[in-house]
Amino acid sequence: MPASRVVTRAVNDVLALAPRHGEVSLTRLVEAVSDSRGRTIDIAHADLPPGVCGQWRQYSDHDVFLIQRGLPAWDRTLAHELGHLVLGHEGISITQAAQESTELATSDLIGYMLNQRTGCMGPSGEDAEQEAEDFAALLIYRLGRLPSDRSSIVQVRLGEAFG
Ligand SMILES: [Zn+2]
């Protein structure tokens with residue numbers, strides 16, 4: 001299924017933030033999005049509940065993407081969580097999450113975490129999940145088709161020589 005215009009535009013916007021030279025990795029893109037929003041985005045591996053691939057935690061002054069430890073396609077999950085963020089999928093408030101999870105209710109996270117979104121890839125009836133999946137698939141596809149590092153390096157050297 002082709003990605004929607006909203007998703008395509010979001011991928012274009014993120015790729016437009018990519019550094020002009022050097023390697024453009026997914027983590028570099030996350031950094032670029034963080035810079036453009038003026039909000040830190042931390043990426044961490046974590047032992048999440050079984051069946052969960054990733055979680056986006058929204059704090060008052062920064063965001064955290066947690067990726068399930070040992071996940072084979074962690075970059076896909078990272079792209080998925082980034083999709084939620086740039087597409088403005090707010091997640092659910094932490095008080096609501098607490099009501100649904102006794103584990104979280106006893107955690108001291110509640111005091112300073114605003115929202116969270118937890119999920120995994122795969123079929124889902126939720127539009128936001130499908131959009132994030134489409135975003136991840138398109139972003140990774142486009143990343144794979146960027147010019148090679150080598151041509152970027154040559155451009156930098158030429159620029160230095162003639163600039
Ligand atoms: Zn999701």
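Quick caveat, the model's predicted, so the values are computed rather than measured. Atoms within each ligand, like the ligands themselves, are counted from 1 in listed order.
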Of all N, O or S atoms in [X], identify the one at the shortest distance from the Zn ion (ligand 1).
X	answer
His84	NE2
Glu129	OE1
His80	NE2

Spatial distance of atom OG1 (Thr27) from atom CG (Leu82) [nearest 0.5 Å] =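 With rounding to 0.5 Å, OG1 (Thr27) is 11.0 Å from CG (Leu82).
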Rounded to the nearest 0.5 Å, the CD atom of Gln55 sits from the NE2 atom of His84 at a distance of 11.0 Å
Considering only NZ, NE, NH1 and NH2 on the basic side and carboxylate oxygens on the acidic side, decide whether Asp63 and Arg37 come within less than 4.0 Å.
->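 Counted as a salt bridge, because a side-chain N and a carboxylate O are separated by less than 4.0 Å.
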Any Lys/Arg nitrogen of Glu81 or Arg76 sitting under 4.0 Å from an Asp/Glu carboxylate oxygen of the other?
-> no
Measure from the Zn ion (ligand 1) to each N, O or S atom of His89 and report whether any distance is below 2.8 Å.
-> no
